[in-house]
Amino acid sequence: VTASFSTEQAKLEGSYPIDLIVVNASITGFDPLYFANLNQDVYGYEMDSDGNLLVSEQVYTGLPLEVSNFSTSTEGKVPEVSISIPNVDRAVESVIQGQEYLRSREVYVISTYAKFLPTGSDYRYLGDTPDRNSVLKEKLYISSVTSNEEVVTFSCKPKFDLRNAQLPTRTYSNECTFEYGDNNCDPDNSIDYGTYPTCNYTLEDCEVRGNADRYGGFPGIPRKGIIVV
């Protein structure tokens, strides 16, 4: 068997385009994940909760990302954009499993040139003319996620498209899908957690706690098979 392999470190000279991705893993706050479409980690700019790039530096994890092209129709509508991230080490899989598959989370696609990134002596520095404002930035929202043993793919849409999103956007289950005590379950902090420190995620438990109006399940779904006579 004859095989040949070729590897190349990111260029340190000249100017070339580079794509950076920032995914907000939190739906109520700001918990950014930073990725770069490169074969090595690279220093970029930190982002604040308003989506602004700051002077402070941030390491972007280098991965072979795939971002579909942005295009507009004659009606000016931006179609769905897909972002694929390798899943071989299951690092991204663990994030989406623990964060409701990141549905409706913010995604920023940042296009710039390597020379505008931060400059320094470390190999992660690629820039020579730092300028955090010399970027094209698109803000999208994750509408759906698919994953397998090789890749996690986010389908992203503009916010106005998500306003018309149709079900299902939640898991249909008899049991409540909210985390006990979180803002979806108990936004007014009305549950007596001293008396009820845990919950079985049933409608009956919700009723006992006086919180049935916030029940996050679908009690109308039958638990057993229906026999039609």
Side-chain angles (χ1 to χ4, degrees), residues 5 7-10 17-49 51 53 58-71 77-112 114 117 124 126 135-173 175 177-179 182 184 216:
F5 301 91
T7 59
E8 181 182 0
Q9 182 174 316
I18 181 173
D19 289 326
L20 306 173
I21 305 292
V22 181
V23 180
N24 180 15
S26 173
I27 199 166
T28 57
F30 192 62
D31 182 17
L33 306 174
Y34 297 92
F35 302 103
N37 188 18
L38 280 175
N39 59 357
Q40 68 175 61
D41 297 348
V42 62
Y43 276 111
Y45 298 102
E46 186 179 5
M47 178 177 285
D48 66 15
S49 58
L53 294 177
Q58 171 66 47
V59 174
Y60 285 68
T61 301
L63 291 170
L65 308 177
E66 291 187 9
V67 182
S68 63
N69 292 329
F70 288 88
S71 61
K77 180 180 177 182
V78 179
E80 183 174 293
V81 174
S82 66
I83 301 172
S84 298
I85 301 177
N87 193 34
V88 177
D89 60 0
R90 299 296 189 271
V92 179
E93 182 76 27
S94 64
V95 173
I96 64 175
Q97 290 283 356
Q99 298 287 348
E100 300 176 347
Y101 279 79
L102 299 180
R103 294 188 185 94
S104 300
R105 277 24 171 217
E106 301 165 331
V107 176
Y108 294 87
V109 181
I110 303 166
S111 300
T112 186
L117 296 179
R124 292 186 179 92
L126 300 183
V135 302
L136 293 176
K137 182 173 60 178
E138 295 282 353
K139 182 179 180 180
L140 303 167
Y141 294 82
I142 297 174
S143 60
S144 63
V145 180
T146 59
S147 67
N148 55 38
E149 66 276 7
E150 295 180 353
V151 67
V152 173
T153 299
F154 300 102
S155 296
C156 307
K157 294 183 178 181
K159 187 172 186 177
F160 289 107
D161 279 357
L162 290 186
R163 291 199 313 175
N164 299 320
Q166 299 180 355
L167 292 176
T169 58
R170 286 173 49 199
T171 302
Y172 289 108
S173 170
E175 295 184 349
T177 57
F178 298 145
E179 188 69 26
D182 71 4
N184 289 316

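Nothing here was measured: the structure is a model prediction, and the numbers come from that model.
Minimum heavy-atom separation, Y108 to M47: CD1-SD, 3.5 Å. For the residue pair Y45 and L117, the shortest heavy atom distance occurs at OH-C, 3.7 Å. The shortest non-hydrogen separation linking S111 to D19 is OG-OD1, 3.1 Å. In terms of heavy-atom proximity, G44 sits nearest to Y60 at CA-CE1, 3.5 Å. Nearest heavy-atom pair, S84 versus T153, reported as atom, atom and distance to 0.1 Å: OG-OG1, 3.0 Å. The two residues S147 and V152 make their nearest non-hydrogen contact at CB-CG2, 3.7 Å.
Counting only heavy atoms from C-beta outward, the side chains of D48 and F30 never approach each other to under 4.5 Å. L126 is listed as a side-chain neighbour of Q40, based on a closest heavy-atom distance under 4.5 Å. No side-chain heavy atom of V107 sits less than 4.5 Å from a side-chain heavy atom of V81. Counting heavy atoms from C-beta outward, E46 and Y34 have side chains that approach closer than 4.5 Å. Within the 4.5 Å cutoff, no side-chain heavy atoms of Y141 are placed close to those of R105. By the 4.5 Å heavy-atom criterion applied to side chains, Y43 and V59 are counted as neighbours.
With hydrogens and angles disregarded, a donor-acceptor distance shorter than 3.5 Å links the side chain of S68 to the backbone of S82. Proximity of a side-chain donor or acceptor of K137 to a complementary backbone N or O of L53 within less than 3.5 Å is not detected.
Here CD1 of I18 is found 8.0 Å from CG of N37. Values are rounded to the nearest 0.5 Å. Taken from CG in N184 to CZ in F178, the straight-line distance is 4.5 Å, to the nearest 0.5 Å. Taken from OG in S26 to CD in E106, the straight-line distance is 9.0 Å, to the nearest 0.5 Å. We find the CZ-OG distance between F154 and S143 to be 11.0 Å, quoted to the nearest 0.5 Å.
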Output, in order, the C-alpha distance, side-chain angles, deciding distance and verdict of side-chain contact (heavy atoms from CB on, under 4.5 Å) for N24 and D31. CA-CA 5 Å; N24 180 15; D31 182 17; 4.3 Å; yes
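A donor-acceptor contact closer than 3.5 angstrom is absent between the side chains of D41 and T61.
Partner I21 forms a side-chain contact (heavy atoms from CB on, under 4.5 Å) with one of I85, V109, I110 and no other, that one being V109.
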